[in-house]
Amino acid sequence: MSPSRHSGYIPQDIEPKWQKVWADHGVMKAADDSPKPKFYDLVMYPYPSGDLTVGHARNYVMGDVLARMKRMQGFEVLHPFGWDAFGLPAENAAMKRGGMHPETWTLANIAKGRQELKMMGILYDWDREVISCLPDYYQWTEWLFLLFYERGLAYRAMAPVNWCPVDKTVLANEQVINGRCWRHPDVEVEKRDLEQWFFKITDYADRLLDDLQLLDKWPAKVRLMQTNWIGRSTGAEVDFPIDGLKGESIRVYTTRPDTLFGATFMVLAPEHPLVERITTEKQREKVREYVARARKASDIERLSTEREKTGVATGAFASNPLNGEKIPIWVADYVLMTYGTGAIMAVPAHDERDFEFADRYGLPIRQVIAPPGEPPSTSESRELRAPYVGPGLMVNSGEFNGLDSTGGIERVIAWLEARGLGRRAVKYRLRDWLISRQRYWGSPIPIVYCEVDGIVPVPRSQLPVLLPKEYKPLSENPGFYETTCPTCGRPARRETDTMDTFIDSSWYFLRYASPKDATEPFDPELANHWMAVDQYTGGVEHAILHLLYSRFFVKVLHDAGMVNVSEPFVRLFNQGMVKRFGQVMSKSAGNGVSPDELVSKQGADAGRIYEMFIGPPEEDVEWTDAGLNGVVRFLQRVWRLVMEPDSIVVEGSGAEGAPLERKAAQTVKKVTEHFDELRFNTAVAALMELANTMQSHLQNGGPRDATWESTVRVLVKLLNPLAPHVSEEMWERLGESGMLADAPWPAYNAAAAAVPEVTVVVQVSGKLRDRLTLPVGTPREKVLEAALASDRVRAAFDGRQPSKVVFVPDRLINLVP
RNA sequence: GUCGGCGUGGCGGAAUGGCAGACGCGCCAGCCUUAGGAGCUGGUGUCCGAAAGGGCGUGGAGGUUCGAAUCCUCUCGCCGACACCA
């Protein structure tokens, strides 16, 4: 793009200049001991994939705009950046490049990414940069693992785990989507029984759920997603004695104790430990065959709701503790071993799944809840067409008949508790967090296995457990795993799994508070100073994973006395993605625009404004070159207004100055509020309006007086967070002293911004005829007088007189002829 | 299936319950130019009208209100999350 005929400004001339000035002055360095109020402005640290496009940059520009404004407003702003640098893509990329070390690839991408962010004019306190794959970070990840271990929150267990056959590692539940690997939507995960490390996030389920209420500045959607993910349900555990096995019973969990009389059979999950013991001789072969088949089936098959339910009778019976009735015990794979007790009482009349199963296998269906307003069906027949799952009146339920089912829940629980047959219980969908990964490129788990002492945590004095230089699986590297027991000194074996990278990212925001601390993960005093994060910006894809894990970490650290806050992020914002040609922008998709390309053509400032103006920040937006050109035009017009006002052709003569003054004040108000609310698109629009007003002012022959001069400075200042280079350059050329980045944000002049008038809507016969702008406090008679004086109102009356005048709320009068 | 969100010009989108369409893109006309994918000016929801002005308009149908894109009910369409969690 060539410069226009007007001299204009050339971004390539001024952008590097100011970037250097800001760096030399340490503009975004955060002082720990500042007397100013703090503002912690954080963007989710990215994976250094080497694929940074202007699409990703949009997120960082948002953070930068806010940081720059908050700084000018007098806050001590902490605006740090770092890299989520461990993880599989580095290993994959390294393998593709013939055995290159993942670290080489990762650090090269980081160096490049850092440059690209700087050329966009985005300012961070780079002294606080965090790189999760370097020992001075991951040694503290190890340290924190030990803390979790000491607090009983890290345990090793044999469990059926999700195994991704492509990545050759296990996955957390959160990383399995519809039974497939989160990284490979085409690859089904397999079930394997393995000894793995878990973090006991379920211990915190209640607090993670309850504290969501404190997060009133989070999107409701994210809170809802976390609520559903934690999935708390309340009900009762009930023991059903097994026929012929004295003293033994099957424990089930139900949320509907009120339907207990309707339990006509029981179902065990195929993996249930009692299956083998209770099955009768006659059914043994069938049951074994069924269980074997169920174990082999993938989760995708098992969890499909489309599929018809299958099952097989064990031949055994149990008795209903409430009425002693004998009911058959079945095995079916629609019951999951991983939820509740792995066994259910089936109430086909009031549960859709049980109904479907009973219907298929001809099992009895007995109504025990009558829908409100319907006569209860007296029979125990199978005539019911569909299960009724709502509340109602308890029927066929012995002594509980006639009770409302909602209250009945409590009554039945009390009955069971009094006799020791059951008890109130709370269950969660949330499972413990599987953190082991069978990969090289991650934080080592600081554990040693000794034949004598068993599981031995590596003492803190022996941290860090360093990754070996040689890139090959840790389990095939004797130099790494051969060690001695820290307790007894005998030969022992190191844990060769590494930690899920989501552990690294669960505490990085704390490390920013004291990134160079060599004695602990973070300095509690500094962490307490900077926490909580005032503004956290990142993609919705982390609504559950990262945001739930981070909340869990902070609660644990809070309990350990290391931080005061119990929630890390005060305000959360999920930005939309940038698309181009209808697809999410990325280098690999071939539709990416690199910061390089943008800066060398239209300049960083135009790009920054365009990213903010392109659409609402939370929406996905489409990048177009035409739209970008519009912003280039806007910036050149601003330059002309500020630097070359003489070049604007005057077509009128004389104009009042008052509108200019008020417009400026209103723009300050709008831009300040819109930035605070992250409504960047409308903030840009407000600045465009101001520029348009200023241009009209000159074209109409308005004076370039003191009002004009101050309006110019307001425009240049308000523009600074969005287009820092060009506004800084204009500021200097206007002869102002000091950097604009250091100048105070324009005063929020409420009086000037407020409209001193009130608008009165005049209706005649219920139809809007005119609007009058009157001074605040105008008496009623005067309002009426003004209304009747209006041409439009007179025309509506068509010569007649109003017969009735109604003053309805403040801003309206209603005239009826 | 369950839960949640969203439907406004040719396009992206504005609008504390108060003149719908700010701002920008695109398009049209004019000016300026040797030229323009540069710049400037004006116009641009739709229908009637030369104009003034008026009718109709925020997916659809009702409702609340003096007044609804906005609040309520139903409905259609799109998008997202979860999906046998007892």
Side-chain angles (χ1 to χ4, degrees), chain A residues 1-6 8 177-179 219-225 227-229 231-233 235 252-256 259 267 269 302-307 309 332-336 338-347 350-354 356-357 389 427-431 540 543-544 609-610 613-616 618-634 636-637 640 647-649 651 679 681-692 695 699 759-763 765-771 792 795 806-816:
Chain A
M1 175 160 298
S2 60
S4 70
R5 159 171 326 229
H6 304 290
I177 295 149
N178 290 331
K221 182 183 169 186
V222 174
R223 282 185 295 171
L224 185 68
M225 284 169 73
T227 302
N228 292 339
W229 186 262
R232 178 161 69 191
S233 78
V252 304
Y253 172 72
T254 178
T255 54
R256 295 293 303 276
T259 64
V267 186
R302 271 190 70 172
L303 295 178
S304 165
T305 48
E306 314 293 298
R307 194 179 61 122
K309 298 201 177 358
D333 66 4
Y334 81 91
V335 173
L336 309 174
T338 46
Y339 184 79
T341 60
I344 62 158
M345 63 174 206
V347 185
H350 305 293
D351 181 280
E352 288 180 13
R353 297 150 299 178
D354 298 344
E356 195 189 314
F357 193 78
V389 298
K427 299 284 176 197
Y428 303 89
R429 210 191 83 115
L430 183 71
R431 313 286 154 75
V540 243
I544 293 174
I609 298 191
Y610 180 53
F613 185 57
I614 187 169
E618 69 280 9
E619 296 291 327
D620 290 353
V621 291
E622 175 78 18
W623 180 280
T624 65
D625 292 341
L628 180 55
N629 285 339
V631 174
V632 171
R633 271 201 286 274
F634 165 66
Q636 293 293 355
R637 197 158 74 242
R640 201 174 153 206
S647 71
I648 288 167
V649 180
E651 283 167 352
R679 295 164 58 205
N681 54 330
T682 49
V684 175
L687 285 168
M688 288 173 165
E689 275 189 68
L690 178 62
N692 291 347
Q695 181 154 341
Q699 279 165 356
T759 303
V760 176
V761 177
V762 184
Q763 292 184 355
S765 306
K767 207 169 162 93
L768 183 128
R769 287 299 167 186
D770 206 356
R771 274 162 189 271
R792 296 182 65 194
V806 196
F807 281 80
V808 214
D810 296 349
R811 301 168 67 185
L812 175 79
I813 58 173
N814 199 5
L815 312 174
V816 184

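Because the structure is a prediction, the values reported are computed rather than measured. Chain naming here is simple, since letters A, B, ... match the order of the sequence lines and numbering starts at 1 in each.
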key: Polar contact flag, side-chain donor to acceptor under 3.5 angstrom, A/D354-A/Y334   = yes

ask   = Just by distance, with hydrogens left out, do A/N228 and A/R429 show a side-chain donor and acceptor under 3.5 Å apart?
value = no

task = Treat primed atoms plus P, OP1 and OP2 as sugar-phosphate and everything else as base, then score nucleotides 21-30 of chain B 5' to 3': B for base contact with protein heavy atoms under 4.0 Å, S for sugar-phosphate contact only, - for none.
result = -BBSSS----

Report the base-pairing partner of [N] (Watson-Crick or G-U wobble, both distances below 3.5 angstrom), or none.
| N | result |
| --- | --- |
| B/rG12 | B/rC23 |
| B/rC31 | B/rG39 |
| B/rC3 | B/rG80 |
| B/rU73 | B/rA61 |
| B/rC56 | B/rG45 |
| B/rA51 | none |

task = Quick one: label A/I344 by what it contacts on the DNA or RNA (base, sugar-phosphate, nothing), any heavy atom closer than 4.0 Å.
result = base

task = Scan A/Q695 against the nucleic acid and name what it touches under 4.0 Å (heavy atoms): base, sugar-phosphate only, or nothing.
result = sugar-phosphate

query = What's the base orientation of B/rG9: syn (chi within 90° of 0) or anti?
reply = syn

key: A/G342 or A/K221, whichever maps to the more 5' nucleotide of RNA chain B   = A/K221

key: Residue list, side-chain contact (heavy atoms from CB on, under 4.5 Å) with A/D625, at least two apart or on another chain   = A/R580, A/W623

ask   = Hey, what do you get for CG (A/L628) to CZ (A/R633), rounding to the nearest 0.5 Å?
value = 10.5 Å

From CD1 (A/I344) to OH (A/Y253), nearest 0.5 Å = 13.0 Å

query = Can a side chain N or O of A/Q636 be found less than 4.0 Å away from OP1 or OP2 on B/rG39?
reply = no

request  = Please report, rounded to the nearest Å, how far the C1' atom of B/rC79 is from the CD atom of A/E619.
outcome  = 10 Å

task = Kindly check if the number of other-residue, nucleotide or ligand heavy atoms within 6.0 Å of CD (A/E622) is above 12?
result = yes

